[in-house]
**Q** 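To start, I am sharing the structure in question, which I have written as structure tokens.
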Amino acid sequence: MHSLRRELIFLTVLVVSAQLAFAQQPQDKQLANDYMEQADLIMADTKAMDDARDLMTLAANADTTNIKANFEAGHMHLLTIGKDRATRYFLRIYRQKPDYRFDLEYWIGKGYQYGLDFDNALRYYLKYQSKLTKNSGYQGPNKVELKEVDRRIVECKNG
């Protein structure tokens with residue numbers, strides 16, 4: 001039952017994507033929004049993270065200025081396969097709006113670490129560690145504890 005539902009959703013997405021691809025002068029922002037809506041539907045109905053990740057990646061690539069699509073694409077890569085590809089999406093956000101999330105440097109570091117680029121991972125973990133130290137009272141939802149960051153730094157130094 002769930003596989004049939006998943007296939008129907010995937011076929012719907014495929015048809016919508018094909019129609020949008022062949023339209024004259026597609027609107028990148030609208031295309032990105034359509035992909036994001038489809039990804040949200042897939043996650044709500046089937047929890048098919050791989051399909052949702054692929055759609056969110058399409059959305060982020062259709063509109064590279066879409067902060068939410070880029071964050072979700074990066075985050076979903078970290079949760080599934082292609083963890084090293086997450087950095088691309090997090091860096092797009094960092095270049096446009098470095099204060100989008102308090103922990104953005106941590107996520108960039110994590111993507112680099114999964115890609116075995118320990119020097120860059122260490123650089124971003126240290127940036128995040130410095131931010132945590134300067135804002136020791138920060139208790140927002142986007143906070144990664146210092147203990148976790150310190151562990152990641154040690155892992156990178158050993159890598």
**Q** Report yes if the side chains of Tyr100 and Tyr94 come closer than 4.5 Å at any heavy-atom pair, otherwise no.
**A** no
**Q** When hydrophobic residues are tied together by side-chain contacts of less than 4.5 Å, even through go-betweens, does Leu122 share a cluster with Tyr106?
**A** yes
**Q** Does some side-chain heavy atom of Asp103 sit less than 4.5 Å from a side-chain heavy atom of Tyr138?
**A** no
**Q** I'd like to know if the side chain of Asn70 reaches the main chain of Thr64, judged simply by a donor and an acceptor atom lying under 3.5 Å from each other, with no hydrogens or angles considered.
**A** yes
**Q** Scan for side-chain hydrogen bond (donor to acceptor under 3.5 Å, both in side chains) pairs involving residues 71-87, sequence neighbours excluded, and state none if there are none.
**A** Arg53-Thr80
**Q** Please determine whether residues Tyr114 and Leu79 belong to a single hydrophobic cluster, defined as Ile, Leu, Val, Met, Phe, Trp and Tyr linked transitively by side-chain heavy-atom distances below 4.5 Å.
**A** no
**Q** For the backbone of Leu126 and the side chain of Ser130, can you confirm whether one donor and one acceptor N or O come within less than 3.5 Å of each other?
**A** no
**Q** Test question: given the 4.5 Å side-chain rule for I, L, V, M, F, W and Y, name all other residues clustered with Leu116, or answer none.
**A** Phe118
**Q** Are side-chain N/O atoms of Arg92 and Asn61 paired as donor and acceptor at under 3.5 Å?
**A** yes
**Q** Are Ile67 and Ile108 connected into the same hydrophobic cluster when the rule is that any two of I, L, V, M, F, W, Y join if their side-chain heavy atoms are below 4.5 Å apart?
**A** yes
**Q** Quick one: which residue pairs count as a salt bridge (Lys or Arg N to Asp or Glu O under 4.0 Å) with a foot in residues 148-159, not counting sequence neighbours?
**A** Glu148-Arg151, Glu148-Arg152, Arg151-Glu155, Arg152-Glu155
**Q** What are the two closest heavy atoms between Asn135 and Phe102, and how far apart are they?
**A** ND2-CE1, 3.8 Å
**Q** Under 4.5 Å between side-chain heavy atoms, hopping through other hydrophobics if needed: is there a path connecting Met76 to Leu91?
**A** no
**Q** Looking only at atom types and distance, does a side-chain atom of Tyr125 sit under 3.5 Å from a main-chain N or O of Lys110, one as donor and one as acceptor?
**A** yes
**Q** If a pair satisfies salt bridge (Lys or Arg N to Asp or Glu O under 4.0 Å) and one of its residues is in residues 125-142, list it, with sequence neighbours excluded.
**A** Glu105-Lys131
**Q** Under the rule for side-chain hydrogen bond (donor to acceptor under 3.5 Å, both in side chains), what residues qualify as partners of Asn142, not counting sequence neighbours?
**A** Arg101
**Q** What residues form a ring pair (Phe, Tyr, Trp, His ring centres under 6.0 Å) with Tyr112, not counting sequence neighbours?
**A** Tyr124
**Q** Side-chain heavy atoms nearer than 4.5 Å, only ILVMFWY residues, links allowed to pass through others: does that put Leu78 and Ile93 together?
**A** yes
**Q** Looking only at heavy atoms, which two atoms of Gly74 and Tyr89 are closest? And how far apart?
**A** N-CB, 3.8 Å
**Q** To check you understand the geometry: which heavy-atom pair defines the closest contact between Gly109 and Ala121, and what is its length?
**A** O-CB, 3.3 Å
